[in-house]
Each structure stands twice: as C-alpha cells, then as structure tokens.
Amino acid sequence: MSPSQRQARGDTARGSTAHRGSSTALLAAVVVLLSAAGFLGSAPAAAAAATRRRHHPRAMVTKYIYVPPFLCLSPSLSLSLCELFAVSSGAHKLELNTEDPTNFLSFIFTEKKGCLSLFGVEAHLVKPAIGEEEDDKALHLKDALDFLDANIFNISKALHLLIPFRADRKLVASEDGGLHNPSVLVFNSDWSKSKVQRKTGGFNYPLAAGAKRPINEEDIAFMSVLELGELIRTKQITSQELARIFLTRLKRYNRVLEAVVTFTEDLAHSQAKKADELLERGTYLGPLHGIPYGLKDIISVPMYKTTWGSVTFKDQVLDMEAWVYKRLRSAGAVLVGKLVSGSLAYDDIWFGGRTRNPWNIKEFSTGSSAGPAACTSAGMVPFAIGSETAGSLTYPAARCGVTTLRPTFGTVGRTGVMSISESLVDISIDSISLHAWPVCRTAADCAVIIDLIRGRDPDDPSSREVSLEDPFHVDITKLRVGYLKDAEMEVVHVLASKGVKVFPFELSYSVESVQSILNFTMDVDMLAHFDNWQRSGHEDDYEAQDQWPVELRRARLVPAVDYIQAQRARGKLIHEVRKSFTVDAFIGNATDWEKVCMGNLVGMPVVVVPTGFKEIDDPPKAGTRRRTTVTSGIYAPPDHDHIALALAMAYQSATDHHKQRPPIDEELDEFLVCHSCPN
C-alpha cells in the first residue's frame, strides 16, 4: 500500500468520526469492547512490550490499553478515556494533577498506592460505594451499544451480550500468516452462470526468431523472457551463465535499492546446472527453461527464510513449497533471490530498510511488492512474482515503470503464500513488475508466465481453472474497447490505429465507498490471520506504527454484522459492475485508488503498461536522467485476461516505453560517493 493510499484511508476514517455521536458513548464502547477482547487489564505480554518502550523505561506496567486512532482527536477525549478507565477499574472519580496529555495512540497505566499514572500524569482513584458497580456496568454497556448503532435492547438484555469467540480460537489462530485452516467462505470471481469449469490448453507462444546473444552483459540483462528463452534453446548461452549475470546484478544494485532479502545462490546454481544438463540430453521444458527469476518474500521456499518483511519473522523458515514456486520449478525456471515485501505485505518499508525506485532513487517504490518491481525494472531479474491485495503491485509497477498482470482472482494458487485476505490476495507477475502475479518487461512475457503458473491448487479453495483463451491469437479488430476520462490517450490512439474499435466509456455503480468495503474486508481478514501476533504484543515492534498496528486495532472493534453487510455490499458492487461492463475491455488510470479498490473487490484482471516519462519535480540545474514514469491500465472482465494481454501486446508492438532502462549505474555511483563521504 502506498502513502497516498494510507492518506485516502485516513481521510475516510477521520471523516467518518465527525458524526459518530458523543465522545462518552464512543469511549465507553472502546472500554467495554477492549475489556471483552482481553486488551484491558493485566496482560503480561502487553505489559512486557510496554516496558520496552523508550518513553517509559521506568514504568511498572500492570494495565495496558490500545486506543484506535479515531479516539486521539482532542485532549478532552483523551481525558474522558482516563475517566472511563477509572470507572471500569472500580472508581468513580479521576482527579488529574497536571496538563492534558495529547498526541499518542496508546495509554499505559501503572498502579502505585491507589494512584494511576498516565505518561507521567498522576490521577487518584476514588472507589465507589458498594452496590453501584452493576449499574455503572450496565450504563456503560448501553453507551457502547449506542456507539455501535445497536441500542435496541433493554438493560437486562444488554448485560447478556459480549460473548467473544474463545473456545476454539487457539485451534486456528495460534499460527500467524493464514497459511493453514482457510475459511470456508470462498470468493468466486467467475461471472459466468455455468458451474462447469472448462480447462483450456496452453498458449501457442511466438518464437523470438533471430534472437542473437549480445556482446554486452548489460544488454543481456534487459532482454525479454522470450528472447532469453531463445538464447537458451539455441544454446547461445547457458542457464549457469544467466544465473551468474543476474546474481551479480542483484548484489551490485541491491546496495542502493534495498530490494533483496535473500540471495538463493546455492539453489540457483543447482537449478541452473540441472537445466543445462537436461538440455544437453535433448529435454527442453519450454520458454522458462533455465530462466532466472525472483519471488516476493511472502512466498515460501523450503530451506530458505520467508520473512514476510517483518522483524518478528525475519528468521522464519517454512518447510513448505508454495504452489507458484512448484509450478515455476517444474517449468525449469531458476530462483536467484527472495525479493523485498513490505512488512506483512504493507507498503515498501521492511525490517532491512526501504526499497527505492530505480528511475529515481530519491523516491521509494511504494507498495508491498516493492522488491519484484524494483528488481525487474533495474534488470536484476528477467521477471518476478509479486502479489496484491490493494495496490501492492499496481503501485510499484507504475512507479518503477514495468509491465504487470493482475490476473482474475483465483487464477493462481496461493498455497504457501502469506495471506492478508482470502478473498482479495492475488499472485501477480512483474515483468519489469496477494493474488500472485508476474512482473515483466513485456506483456508477452506476462502471458507466458501466467500460462505456466495458472491452474487449480487443491489446497487453495478459492483457486480454479480459469478458462483463458490464447492472447497471442486474439483478433483485436473485433474488440470494442472503451476509454475512461483519465485514460492515457496515446494508448487509445495506438490501438485505434491497429483497428480496435475505441470510444468513450464510463463504468457505473451505486456503491458510495468501495474503499470502506475493502477496508472492512482486508483489515478484519488480516487480523484473523495475525490474531496471535497482535495478542502477543508484536505490533510494538512493527516497522511503521501508522500502518498495520493502527488498522488492526480498528479491526478488533468491527462488529460481525457489519463485516457481513460489507460483503453484501461487495456482492451488489460486483453485480452492478458486471451489468455496466458493456465493452470487451476499457482503458483507464492504473493507480486511481477507486479503481484499485473496485478491481480487487470484483476480482478483475488488469495489465499495467508503461506509456511514457516526464521530468521529475525540481530537477538539478546540471540535468538528470531521472524520470517519473507514466503508465496506464487495460482492464477486462474476470476470466478475460487474454483480452487485456492481447491489447497490451498490440500497444507495445508499436511503442518502446517498456524497453527503456533506468539510470541505475548513475544512481549507484552517486550513492557510493555519498556513502564514502565522512559524516
């Protein structure tokens, strides 16, 4: 997720609090619900985490409470929370003896001789008369129900509410990451009414006829997958040579980009040697035979760390082969590195740093598939596999100027992939780029890779046989393609010149906030997969405190009814988008947040293509090769990825934006000079 996305989500959260009712009801709701959830009261793990905080090295913590960000609006609200805490602790009065505390997201309470200390603010608790406590409990629960828009019960009925799910929670929530025990609530993105899944054959790939080995290794590094495959097939180069070239580039440019977590060097040499030996014996596995690639580090590979980008899991080794890794290994591809995922698949910040954009190292790559996008853009790998839940790959692909396909939801199995949401995460392909999908330099490469990794994963209930036609044999002159107001018109004009029927188009639906549906779905699902992580206090070690820690605290308070209603609204959105989708495809902005949310909720495929460059803001007077990339998205209905791919290939056949190389050597030289200077 990008900073702009976080800003959009924050604006929505702030806007929604403006009419939430009285602060007392709001705060009472939090105290009651947090008490039920186990966040209020003695909590050894939370207390231990709290004592580690720099601001309170001497605190003897016995009470620890998390406060969602919407509570930190004013000093009066903060003090109201103190008062409510005092009442819930068995006191009626809270006497403060210093100024109001402000600007913090969590409160830490210490007890000493009947005194409550809050960040250095001492408050004396006055115990109530016996017999008044039950009335207080009922009244505060009533206030909580007011806040949750559920005040439909009398006091006696309300006291029987709040029954948290505890009996079997440990059976499914003791391990983080959502790798096991998938939900039975399965999302199916198929728009067809037929229940029969038609399995299609493989694509008929074009040969890169006449491909010749360049003299310069730099030129080899920026060849397409199909071109490299032809060099391998015709024995102009060996897989072991390619592995050496790309491992060297990974190590060289990672110093400035911070895009690689683990170099899988021994595995790469072993797989490359095997690929060469097979070819010598006359066995050719296809276009990925002997081709190096990288995996986003939420995808598990036995014997190697799968860190999820998080300091909590930086030494984690999972003894399981991810579905997508098995498919690529079977196709003869050679894994050269585990590439950066933002911490727990959120943005570009991870435990080892922050991944940069090869086109401008003053910028960060944005999005959690930061490593796959940056490495493919810089020619450090020919292709990579990333993932997306909400912009995790579309944003870094656009920022780094690479081609990527977000396929129809369910096209690629997710076994062995860290899960945020079982109905949103998709695997993606970066070709210069939680769904797993490819990141590449060309749309043709994306087509090859998706063909080889698609298929039903027996251990992933949401995966299926998506019936894709061959994108290399689509007659684009028969297609009707709309373009939105924010479309890059160069794409429209090029496709029109190729015989495509293009015209203005608008996708309409009545759902007011697709973002709120996505937030409810993603955050609650994520918390279910990282329940143990939060309860154990690991959020205090998270790399960016304004990201998952804030969102997952908020998710803890989402009523089950509201979650289900959000899914019903999602169903309405899907129905209306399907009805409004009267074209074969449409062209629009790839990073518009509304489209990112809508596309992921619907399970819609999109190909992100580079469409040009513009000057960076405030360029140096001496000039620079740094550029800001311009991209566009080509969207198709679910199960019609081949349409988007065919149009993207047609566009790239007439342009060369995707062939441009970032000034990574200049960036590295400047980086090394800066870091060699004395402080």
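Start at 1 with the first residue, then count along the sequence.
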Is it the case that more than 12 heavy atoms not belonging to [X] sit under 6.0 Å from its [atom1] atom?
| X | atom1 | result |
| --- | --- | --- |
| Asp319 | CG | no |
| Lys501 | NZ | yes |
| Lys235 | NZ | yes |

Polar side-chain atom of [X] near backbone of [Y] as donor-acceptor pair, under 3.5 Å:
| X | Y | result |
| --- | --- | --- |
| Thr306 | Asp297 | no |
| Gln652 | Val609 | no |
| Ser377 | Pro358 | no |
| Asn357 | Arg399 | yes |
| Arg327 | Arg454 | yes |
| Glu230 | Leu226 | no |
| Tyr325 | Leu295 | no |
| Ser368 | Asp347 | no |
| His289 | Gly332 | no |
| Asp457 | Ser463 | no |

[Y] and [X] side chains, donor-acceptor separation under 3.5 Å:
| X | Y | result |
| --- | --- | --- |
| Ser392 | Lys296 | no |
| Thr408 | Asp641 | yes |
| Arg414 | Ser462 | yes |

Where do Cys446 and Val607 land on the side-chain contact (heavy atoms from CB on, under 4.5 Å) test, with the steps shown first? CA-CA 9 Å; Cys446 287; Val607 178; 5.9 Å; no
Do Tyr293 and Phe246 have their ring centres less than 6.0 Å from each other? no
Can you tell whether the side chains of [X] and [Y] come within less than 4.0 Å, N to carboxylate O?
| X | Y | result |
| --- | --- | --- |
| Arg625 | Glu667 | no |
| Glu241 | Arg244 | no |
| Asp348 | Arg354 | yes |
| Glu321 | Arg329 | yes |

From CA spacing to verdict: ring-ring contact (aromatic ring centres under 6.0 Å, His included), Phe586, Phe581: CA-CA 9 Å; Phe586 69 82; Phe581 210 124; 5.4 Å; yes
Does some side-chain heavy atom of [Y] sit less than 4.5 Å from a side-chain heavy atom of [X]?
| X | Y | value |
| --- | --- | --- |
| His657 | Val630 | no |
| Ile291 | Ile232 | yes |
| Ile349 | Ser343 | no |
| Asn360 | Thr628 | no |
| Glu490 | Val494 | yes |
| Asp459 | Trp323 | no |
| Phe383 | Leu288 | yes |
| Leu339 | Met380 | no |

Against Asp219, only a single residue in Arg213, Lys659, Arg661 fulfils salt bridge (Lys or Arg N to Asp or Glu O under 4.0 Å); can you say which? Arg661
If you round to the nearest 0.5 Å, how far is [atom2] of [Y] from [atom1] of [X]?
| X | Y | atom1 | atom2 | result |
| --- | --- | --- | --- | --- |
| Ile634 | Leu645 | CD1 | CG | 9.0 Å |
| Ile476 | Ile643 | CD1 | CD1 | 10.0 Å |
| Asp451 | Thr411 | CG | OG1 | 11.5 Å |
| Leu468 | His642 | CG | NE2 | 7.0 Å |
| Arg356 | Glu363 | CZ | CD | 10.5 Å |
| Gln240 | Ser270 | CD | OG | 10.0 Å |

Please report the C-alpha distance between Val260 and Cys375 in whole Å, then the side-chain angles of each, then the deciding distance to 0.1 Å, and finally whether the side-chain contact (heavy atoms from CB on, under 4.5 Å) criterion is met. CA-CA 8 Å; Val260 185; Cys375 287; 4.1 Å; yes
Check against side-chain hydrogen bond (donor to acceptor under 3.5 Å, both in side chains), Lys326 and Thr415: CA-CA 10 Å; Lys326 284 194 283 188; Thr415 298; over 6 Å; no
Evaluate the criterion side-chain contact (heavy atoms from CB on, under 4.5 Å) for residue pair Val301 and Leu267; output intermediate values, then yes/no. CA-CA 10 Å; Val301 176; Leu267 179 63; 4.2 Å; yes
Of the non-hydrogen atoms in [X] and [Y], which two are nearest, and what is the gap between them?
| X | Y | result |
| --- | --- | --- |
| Gly386 | Pro372 | CA-CG, 4.1 Å |
| Pro396 | Gly367 | CD-CA, 3.8 Å |
| Tyr395 | Thr591 | OH-O, 2.8 Å |
| Ala243 | Pro292 | N-CG, 4.0 Å |
| Met649 | Pro471 | CE-O, 3.5 Å |
| Phe222 | Pro662 | CE2-CD, 4.2 Å |

Passes side-chain contact (heavy atoms from CB on, under 4.5 Å), Leu242 versus Ile237? Steps please. CA-CA 7 Å; Leu242 284 182; Ile237 198 169; 3.6 Å; yes
